[in-house]
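All remarks here apply to the structure that follows.
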Amino acid sequence: MRVSRLMLVTLRDVPADAEIASHQLLLRGGYIRRVTSGIYAYLPLMWRVLRKITAIVQEEMDATGALETLLPQLQPAELWRRSGRWQGYTAGEGLMFHLEDRQGRELGLGPTHEEVITSLAGDLLRSYRQLPVTLYQIQSKFRDEIRPRFGLMRGREFIMKDAYSFHSCEADLSMTYRAMDEAYQRIFSRCGLETVAVEADSGAIGGASSQEFMVTADAGEDLILISGDGLYAANQEKAVSHPPKAIPLPASKVALLDTPEQGTIETLCTAQGLVPSQVVKVLVMLARIEDGELQPVLVSIRGDQQLNEVKLINALSRELNKGVLDVAPISADQITAQKLEAWPFGAIGPDLDDALLSGATSWTKHFLRLADPTATELNCFVCGANQNNQHRTGMTWSKLGEVPKSVDLRKSQAGDRCIHDSSQILEERRGIEVGHIFQLGRKYSEALEACFTNDQGTQEPFWMGCYGIGISRLAQAAVEQHHDQAGMNWPLAIAPFEVIIVVANIQDEVQQKLAEQLYSELQAADIEALLDDRTERAGVKFKDADLIGIPWRVVVGRDAAKGQVELIQRSSRKVQILSAKQAFNALVNEIAANQNTRV
Ligand code: ATP
Ligand code: MG
């Protein structure tokens, strides 16, 4: 391909709306253009990258025996009602774009495909003899993300590979899950990415395993916690660890404390001479349930600890046996909107009276009460007195009456001691989630009544797994991991081209001839070469070559008269002056040496 024919438009200035390096570079390098919020056009260079990633993913998926398919993006509401997800995915801040057709039937644009595939499997797979089966597809997904940002990292239309496996028993599911884990490791390493596999949240369905693959980068949206010895790594949403030890509050009689303007742990502790681990703080939250219910929740946790909202959502789903969409702190305005009397915010205790909810217009009229072990393990503590500006000291759980159910709800943090070895300390890193593998169990097959006949002749729902890779996010993550001040630096296997030949002065016939000759030789050797034959100044062409990040550059300049060229490696910036023939041989060797990663 000739750069003069490539429609290449590069930008010198950093686009105002791009915050992170990879997003800036992809825009500047003419790889992508924003069409509207969270929606991008993939320009020819980008499309070549995406096709290469796709080909690697296809090869590795096919090698596991998975079958490629293509499912519809428009999906009937009916299916999503059967799985119980329509309401949650469309109402309020739901992620699904949805519409009505000319007959008034509701449809959604697929954010994911569990519903469609599970109902198909139920129709097509009737007997245990047909199992296991894994189907995968690579296509655009649609999610009306609340905060689309960072370019392709969090788009509203993006490319995903999703796979779903169907099994007759859990052990078989585990086998495919492990095979997918290995296939994923190969995919990321072939794409030239360094990834960390971390334990991930698997929702409320207990026991199911789930693992995310993270590209470590400062710009990552996820926080991951890794033990010093590398034996434990988890997404913070899921991570467990030992909390720091509490400083005991000496036992004393129960007494009221006047605590005006001491509504936060910090102000309370400073004024009363306490430390945060001697206080039980109570968070008042509202949970939005899949079926539309709104449930007030009281969470007790030690004053120095933070709440992990994902753990809370899972615990609530288990308690209520219903999907919980999200939780958020209750504000004073919401209390007024429910036509309730004011609550003693800043002085709430675990035993806040349900009577406060009796007049609620759309909330459940009692609190669901949970406590983290850091709170329930305290023998003596300070907590709110449920009256404005008053706390109680010398409290114990028995004096409070009912002890709330104790469940792990705390957020693990860097510096915590590890569970597998308490001499190990958790460290924190940021990560970009490029893949996720997940043992779904029978959640969807039960909901959609997708069953097969087992070897005993009885009907049973399938065991299922699902496995995703964000193809377009992965492409940008590669840039986030491989770039420098001057531009991108693509790993060879997914670079849009392997070599760029820059002709310093295209008016110079000798240079032009030598470049053309090398260009056709490289193509004949099946090397993907780009020829910068533009009439631009040499400096402009060098800058563009750095920016678009092709792994190898050959500069044909003044020394062309002597048959010599410069060979430059983009990553190391190493320059070699070679004859055109030597440069050709070097490229063939370098690129052939990486043949195993090529597609
Ligand atoms: P996240 O936690 O980042 O929102 P998710 O857990 O909702 O992602 P999955 O449903 O597991 O994502 O989707 C599979 C993969 O698709 C993810 O691992 C990620 O790489 C990619 N992905 C998810 N959402 C987006 C998005 N909005 N834009 C680009 N890629 C995405
Ligand atoms: Mg995920």
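This structure is a prediction, so every number in the text was calculated from the model and none was measured. Numbering of ligands and ligand atoms starts at 1, following listing order. The first residue of the sequence shown is numbered 1, and numbering continues consecutively from there.
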Considering distance alone, does some N or O of Asp222 sit under 3.5 Å from an N or O of ligand 1?
-> no
In short, ring-ring contact (aromatic ring centres under 6.0 Å, His included) pairs touching residues 44-68 with sequence neighbours left out are none
Pick whichever of Phe213, Phe142, Phe158, Phe150 has a heavy atom sitting closest to atom 30 (N) of ligand 1.
-> Phe158
Is the number of heavy atoms from other residues, nucleotides or ligands within 6.0 Å of CZ (Arg154) greater than 12?
-> yes
Examine the side chains of Ser412 and Ser241 and answer whether a donor and an acceptor come within less than 3.5 Å of each other.
-> yes
Closest to atom 10 (O) of ligand 1 (judged by heavy-atom distance), picking from His436, Arg143, Arg154 = Arg143
Tyr467 and Tyr177 aromatic ring geometry - parallel, tilted or perpendicular at 30°/60° bounds | tilted
Within a distance under 4.0 Å of any heavy atom of Glu145, pick out the atoms of ligand 1 and give their elements.
-> 24 (N), 26 (C), 27 (N)
Applying a 4.0 Å heavy-atom criterion (strictly less than), which segment of Met160 is in contact with ligand 1: side chain, backbone, both, or neither?
-> side chain
So, Gln481 and Glu194: side-chain donor and acceptor under 3.5 Å apart, yes or no?
-> no
Using the six-membered ring wherever Trp is involved, compare the ring planes of Tyr40 and His23 and label them parallel, tilted or perpendicular (cut-offs 30° and 60°).
-> perpendicular
Heteroatom proximity flag, Ser472 to ligand 1, N/O under 3.5 Å | no
Quick note, salt bridge (Lys or Arg N to Asp or Glu O under 4.0 Å) partners involving residues 460-475, not counting sequence neighbours, are Arg442-Glu460
Atoms in ligand 1 with a heavy atom of Gly435 nearer than 4.0 Å = 18 (O)
With a 4.0 Å cut-off on heavy atoms, is Val434 touching ligand 1?
-> yes
Side chain, backbone, both or neither: Leu152 near ligand 1, heavy atoms under 4.0 Å = backbone
Please verify whether a non-hydrogen atom of Met153 lies at under 4.0 Å from ligand 1.
-> yes
